[in-house]
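In what follows, a structure is listed as structure tokens, so that the remarks can point back to it.
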Amino acid sequence: MGRGKLRIYLGAAPGVGKTYAMLSEAHRRVERGTDCVVAFVEHHNRPRTEVMLHGLEQVPRKHLDYRGSAFTEMDVDAVLLRAPAVALVDELAHTNVPGSRNAKRWQDVEELLAAGIDVVSTVNIQHLESLGDVVESITGVRQRETVPDEVVRRADQIELVDMSPQALRRRMAHGNIYKSDKVDAALSNYFRPGNLTALRELALLWVADRVDEYLTEYRSEHRVSKIWGSRERIVVGLTGGPEGRTLIRRAARLAEKGAGGEVMAVYIARSDGLTSASPKELAVQRTLVEDLGGTFHHVVGDDIPVALLDFARGVNATQIVLGSSRRKTWQYVFGPGVGATVARESGPDLDVHIVTHDEVAKGRGLPVARGARLGRSRIIWGWVVGVGGPVALALLLNTIDLGLANDMLLFLTVTVAAALLGGLFPALASAAFGSLLLNYFYTPPLHRLTIADPKNIVAIAIFVGVAVSVASVVDLAARRTHQAARLRAESEILSFLAGSVLRGETSLEALLERVRETFGMESVALLERAGDVDPWTCAGSVGPRSPKRPEDADVDMPVGDHMALALSGRVLPASDRRVLAAFAAQAAVVLDRQRLQHEADQAKELAEGNRIRTALLAAVSHDLRTPLAAIKAAVSSLRSDDVAWSEEDQAELLEAIEEGADRLDHLVGNLLDMSRLQTGTVTPLIREIDLDEVVPMALGGVPEDSAELDIPETLPMVAVDPGLLERAVANLVENAVKYSPTDEPVLVSASAMANRVEVRVVDRGPGVPDEAKERIFAPFQRYGDAPRGAGVGLGLAVARGFAEAMGGTLNAEDTPGGGLTMVLTVRAVDSLPDLATATAERQAS
């Protein structure tokens with residue numbers, strides 16, 4: 001049984017009609033006789049959606065208990081046992097209740113697909129994993145339920161369910177999405193027109209990119225070379241000269257005029273003689289084009305105009321941007337130049353822009369080498385001169401009598417010219433043909449192919465030998481030039497490869513994409529296996545239909561005993577395998593580096609955990625036992641019958657018990673807070689509040705005269721968790737009082753700056769040097785020679801953790817005149833997204 005097919009209805013926001021469209025499709029399939037069941041559909045009490053469930057078979061759900069509450073999830077086993085042709089599974093990004101078969105619903109769907117069951121599902125654009133940061137910047141809400149992009153991209157069919165923001169808000173206002181008590185909050189927060197418009201654009205662009213992938217795959221499968229102008233793609237031809245920056249900026253402006261325009265900068269290193277390109281300048285231009293949202297490509301091509309046009313047609317480009325030629329006027333005798341050739345050969349479907357710049361007609365840095373060996377045009381001209389030259393010279397010499405010696409020198413000149421132009425074979429043809437004409441027309445007896453004088457035989461033999469020698473030297477020089485050019489092209493590619501290592505580019509996919517572009521392949525894959533008889537597995541691949549085994553590839557490059565770089569698209573010449581071997585070795589290094597980095601990260605986490613556990617044990621063994629010992633001693637003293645304690649003594653002992661209990665409570669509270677921060681379970685309850693309602697309460701743990709308050713009444717309200725803010729400020733004040741002189745009270749002040757509010761805790765203590773200002777915020781750190789009884793070193797770490805949990809910051813600064821100032825920054829209410837947004841979005845999901 002084959003794998004099932006996945007169809008996804010994609011929407012920009014809740015309520016656009018994804019589930020309704022899915023159920024409508026189910027009814028159509030049932031009417032056609034298809035065995036279709038509802039595996040899991042959530043109608044969210046929407047009447048129209050609930051009505052669409054009537055008439056469809058529903059597989060009973062699985063009931064789960066979690067933390068005293070009952071939940072229902074899709075019963076994967078029941079669906080597999082029912083084995084329908086099509087299963088409807090709503091909300092692909094849903095996180096299953098702990099105790100379910102899989103952690104995520106998309107994993108349940110993968111099981112159904114593997115069993116040969118077709119699945120129809122739904123998902124919102126904000127649930128795609130790669131778009132989490134973008135969606136958060138738009139709506140102010142971080143999505144906790146996500147689905148990997150690759151899961152959605154692998155779908156056999158993706159259908160966008162679109163609705164204008166105005167229509168969606170009308171549906172909301174009519175009560176078709178949420179209950180009436182939630183409508184106002186949703187319309188004024190998550191479902192604002194700006195949010196919906198941005199999410200809609202995000203969905204449309206994502207689907208457009210997916211359609212573009214389908215188009216590229218189709219064009220590749222059907223070998224379509226004609227450009228289909230479905231989208232503006234602008235290719236910028238770079239030479240490595242300083243004019244490249246001007247061309248890139250010009251192309252970016254052209255792309256801005258069309259929606260969804262792309263800029264692709266390409267540098268073509270040609271093996272038939274490279275111009276001198278500055279690696280530094282190319283690196284600058286690469287950074288520039290990437291900063292402008294484009295991509296940089298490095299391609300090897302024997303003929304620059306042909307390679308440039310092939311690249312443009314391969315990416316379905318619509319425009320090419322080139323710079324005006326830097327050649328001087330006299331250099332045009334060698335040809336029309338790249339720009340004119342590309343414009344002439346581009347055809348009607350590809351526009352070519354020639355952009356002027358400051359380097360026009362200033363000449364090239366180095367002369368351009370010619371031809372693969374000598375170049376096609378020169379070889380043709382060599383044959384023309386080698387065959388036609390002797391004939392024309394013979395016709396001329398028949399009218400002029402210069403003597404045999406001069407005649408031979410003139411024929412030798414023609415042979416040398418043929419060698420210089422066309423290389424070995426045209427020169428040999430010229431020497432052979434010229435010797436026959438010399439023998440027939442100018443060597444006695446005339447007009448016969450015999451030679452009477454033996455001296456003439458020697459002269460003709462010398463003529464042929466000199467001609468062959470000159471032709472061989474010219475051909476050898478041409479081959480050496482070709483080899484030098486080839487090596488220079490390879491060195492440029494290898495320099496880019498080395499540069500990627502120095503820049504720390506460790507993405508295996510990026511390296512494989514560079515291999516695919518450099519060698520003009522359809523797909524590239526890095527394959528590995530554990531042993532000689534084990535199956536091959538893919539460590540990384542790019543391009544459609546990447547090879548699964550080295551035997552399936554057009555080119556494979558072994559890397560060690562159990563790894564290979566496999567390429568499909570065309571067979572590479574042997575001369576290219578040297579560079580390919582370097583790429584293969586680098587791919588293996590990148591893969592090892594990624595795995596080592598992963599292991600290092602895991603080791604770092606384990607080491608950090610061990611360090612915290614060690615510090616925690618130390619804290620438990622001493623810092624927590626100290627107040628316990630004091631409490632026990634005081635209690636034992638009070639309970640002793642051997643001593644009659646006075647009321648003052650009893651009050652003192654009770655006070656010691658209370659102080660020890662408070663200290664113990666403070667230490668345990670900090671330990672628990674640090675544990676919550678380390679495990680990421682701190683969930684702030686943000687609400688609007690005035691600072692003067694919270695900060696004074698944070699001073700209750702310090703002596704009355706040890707701190708002063710300066711909180712202006714004109715400060716704007718802040719959006720914080722009052723409890724977390726109070727704990728953070730309390731820890732800062734207690735820490736400041738601990739290190740501040742007794743006659744210098746700690747100042748707690750606040751001020752508004754732009755869209756934030758700063759709370760400053762100022763002390764006049766010894767201060768902290770700059771190199772230690774970050775270290776004091778690490779857990780279990782005490783500054784200087786603080787004694788064990790001074791605490792476990794968690795106060796500042798907890799304060800920073802709480803500040804960051806609320807979206808603020810905490811930093812240390814020097815106090816003018818001596819001391820340390822802790823600056824706690826929180827955002828003012830006006831600078832934050834409406835807090836009801838999060839609630840509305842969670843309800844929508």
Side-chain angles (χ1 to χ4, degrees), residues 662-663 665-702 706-711 715-740 746-753 756-763 765 768 773-783 790-813 815 819-829 831-832 835:
D662 290 340
R663 182 177 166 193
D665 179 69
H666 179 72
L667 292 175
V668 172
N670 275 342
L671 287 171
L672 292 176
D673 289 339
M674 197 67 234
S675 175
R676 292 166 59 205
L677 289 170
Q678 291 285 342
T679 56
T681 57
V682 175
T683 304
L685 301 176
I686 306 295
R687 65 186 181 88
E688 300 176 5
I689 196 169
D690 287 316
L691 280 180
D692 55 11
E693 298 180 29
V694 178
V695 175
M697 299 172 60
L699 306 184
V702 297
S706 60
E708 296 180 355
L709 272 177
D710 182 15
I711 308 295
L715 285 178
M717 298 181 71
V718 293
V720 295
D721 184 314
L724 297 185
L725 180 61
E726 180 186 344
R727 291 293 300 277
V729 176
N731 282 350
L732 295 178
V733 173
E734 290 175 9
N735 184 77
V737 170
K738 186 186 306 180
Y739 292 100
S740 188
V746 172
L747 175 62
V748 182
S749 63
S751 60
M753 295 183 63
R756 64 186 188 274
V757 174
E758 290 184 347
V759 179
R760 308 178 75 88
V761 180
V762 184
D763 68 58
V768 176
K773 281 187 172 63
E774 280 299 313
R775 196 163 61 246
I776 61 176
F777 291 104
F780 303 105
Q781 295 290 323
R782 299 182 183 87
Y783 177 66
V792 294
L794 286 176
L796 296 183
V798 169
R800 172 172 276 190
F802 284 169
E804 293 176 350
M806 295 183 293
T809 60
L810 176 60
N811 297 291
E813 298 179 356
T815 301
L820 188 69
T821 298
M822 291 292 178
V823 183
L824 174 62
T825 303
V826 293
R827 287 177 290 179
V829 170
S831 69
L832 287 170
L835 300 174

List the atom of [X], the atom of [Y], and the distance in Å for their closest heavy-atom pair.
{"X": "Glu726", "Y": "Ala698", "value": "O-CB, 3.6 Å"}
{"X": "Leu715", "Y": "Ala752", "value": "CD2-N, 3.5 Å"}
{"X": "Lys773", "Y": "Val768", "value": "NZ-O, 2.9 Å"}

Student check: side-chain heavy atoms of Leu747 and Asp710 closer than 4.5 Å: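 Side chain of Leu747 against side chain of Asp710, heavy atoms only: contact under 4.5 Å found.
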Measure the [atom1]-[atom2] distance between [X] and [Y] for me, rounded to the nearest 0.5 Å.
{"X": "Met822", "Y": "Leu796", "atom1": "CE", "atom2": "CG", "value": "4.5 Å"}
{"X": "Asn731", "Y": "Leu824", "atom1": "CG", "atom2": "CG", "value": "11.5 Å"}
{"X": "Ser749", "Y": "Leu709", "atom1": "OG", "atom2": "CG", "value": "9.5 Å"}
{"X": "Met697", "Y": "Asp692", "atom1": "CE", "atom2": "CG", "value": "12.0 Å"}
{"X": "Ser706", "Y": "Lys738", "atom1": "OG", "atom2": "NZ", "value": "13.0 Å"}
{"X": "Leu725", "Y": "Ile689", "atom1": "CG", "atom2": "CD1", "value": "8.0 Å"}

Side chain to side chain donor-acceptor pair (under 3.5 Å) partners of [X], counting only residues at least two apart:
{"X": "Glu774", "answer": "Arg800"}
{"X": "Glu693", "answer": "none"}
{"X": "Thr821", "answer": "Thr815"}

Qualifying residues under side-chain contact (heavy atoms from CB on, under 4.5 Å), relative to [X], sequence neighbours excluded:
{"X": "Thr809", "value": "Asn811, Thr825"}
{"X": "Asp763", "value": "Ala736, Ser740, Val746, Leu820"}
{"X": "Val733", "value": "Leu699, Val702, Ala707, Val729, Val737, Val748, Val761"}

